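One structure below.
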Amino acid sequence: MTTDEEQMEAWLAPETRVLRTEQGEHLELTQTMAFWEQYDDIRQAGATEAFLVAAGKDGMDEFGLPFELAIQNYVGHVWNECIR
């Protein structure tokens, strides 16, 4: 396997984390490592976990997406526009 293939496999590997809402609820979320790298970059830039969870929930309401896709959509857009 080439280094590129190994990196792609690493990015596609799933990881589950527990996130907290502003109300203190716990949400278990499984995403790819690529998502979590972007998520961590946004957190390091100052976004709170509760804010990102709320943005995901807003995406559920606005676009009718399940939470997993709504937060993925938000994180991807923010990372692409602001962090990258």
Side-chain angles (χ1 to χ4, degrees):
M1 209 183 306
T2 68
T3 302
D4 289 342
E5 290 171 326
E6 290 171 357
Q7 181 61 58
M8 186 62 69
E9 281 193 17
W11 279 331
L12 294 175
E15 179 177 305
T16 301
R17 296 187 189 180
V18 176
L19 306 179
R20 279 213 244 175
T21 67
E22 288 179 348
Q23 296 77 25
E25 298 173 89
H26 292 90
L27 299 173
E28 191 172 280
L29 180 64
T30 301
Q31 292 283 355
T32 64
M33 289 305 298
F35 168 86
W36 291 119
E37 285 183 24
Q38 292 176 348
Y39 177 90
D40 292 341
D41 285 348
I42 294 168
R43 291 286 317 276
Q44 287 178 349
T48 66
E49 186 171 83
F51 174 81
L52 293 172
V53 169
K57 288 187 173 198
D58 288 346
M60 290 174 62
D61 296 337
E62 185 174 351
F63 302 111
L65 297 171
F67 177 74
E68 294 81 2
L69 292 177
I71 193 169
Q72 188 179 71
N73 182 56
Y74 183 80
V75 166
H77 278 88
V78 169
W79 187 86
N80 195 44
E81 293 297 319
C82 302
I83 303 297
R84 192 173 104 180

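Hydrogens, waters and symmetry mates play no part in the numbers below; they use all other heavy atoms, side chains included. Just so it is clear, the model here is predicted, and its values are computed rather than measured. Positions are given from 1 along the sequence.
Judged as a salt bridge (Lys or Arg N to Asp or Glu O under 4.0 Å), the pairs with a partner in residues 53-66 (not counting sequence neighbours) are, in order, E25-K57. Listed by first and then second residue, the salt bridge (Lys or Arg N to Asp or Glu O under 4.0 Å) pairs that reach into residues 33-48 are R17-D40, R43-E49, sequence neighbours excluded.
Residues passing the side chain to side chain donor-acceptor pair (under 3.5 Å) test with E28: none are found, sequence neighbours excluded. Under the rule for a side-chain contact (heavy atoms from CB on, under 4.5 Å), the partners of Q7 that lie at least two apart in sequence or sit in another chain are A10, W11. Partners of T3 under the side chain to side chain donor-acceptor pair (under 3.5 Å) rule, at least two apart in sequence or in another chain, do not exist in this structure. Taking Q31 as the reference, Q72 meet the side chain to side chain donor-acceptor pair (under 3.5 Å) condition, with sequence neighbours excluded. Looking at residues two or more places apart in sequence or on another chain, you find a side-chain contact (heavy atoms from CB on, under 4.5 Å) between A50 and E22, T48.
Listed by chain and number, the hydrophobic cluster partners of L65 are F63, L69, where partners are ILVMFWY side chains within reach of under 4.5 Å, directly or through others.
Across all non-hydrogen atoms, the minimal contact from F67 to V53 is CE1-O, 3.5 Å. The shortest heavy-atom contact between G56 and A70 is O-CB, 3.1 Å. Smallest separation of non-hydrogen atoms from L52 and I71: O-CD1, 3.6 Å.
Looking only at side-chain heavy atoms (C-beta outward), Y74 and I42 stay at 4.5 Å or farther from each other. Side-chain atoms of Y39 and L19, non-hydrogen and from C-beta on, do get closer than 4.5 Å to each other. Between V75 and W36 the shortest side-chain heavy-atom distance does not fall below 4.5 Å.
By the 6.0 Å contact criterion, CE on M8 is open, its count of non-hydrogen atoms from other residues, nucleotides or ligands being 12 or less.
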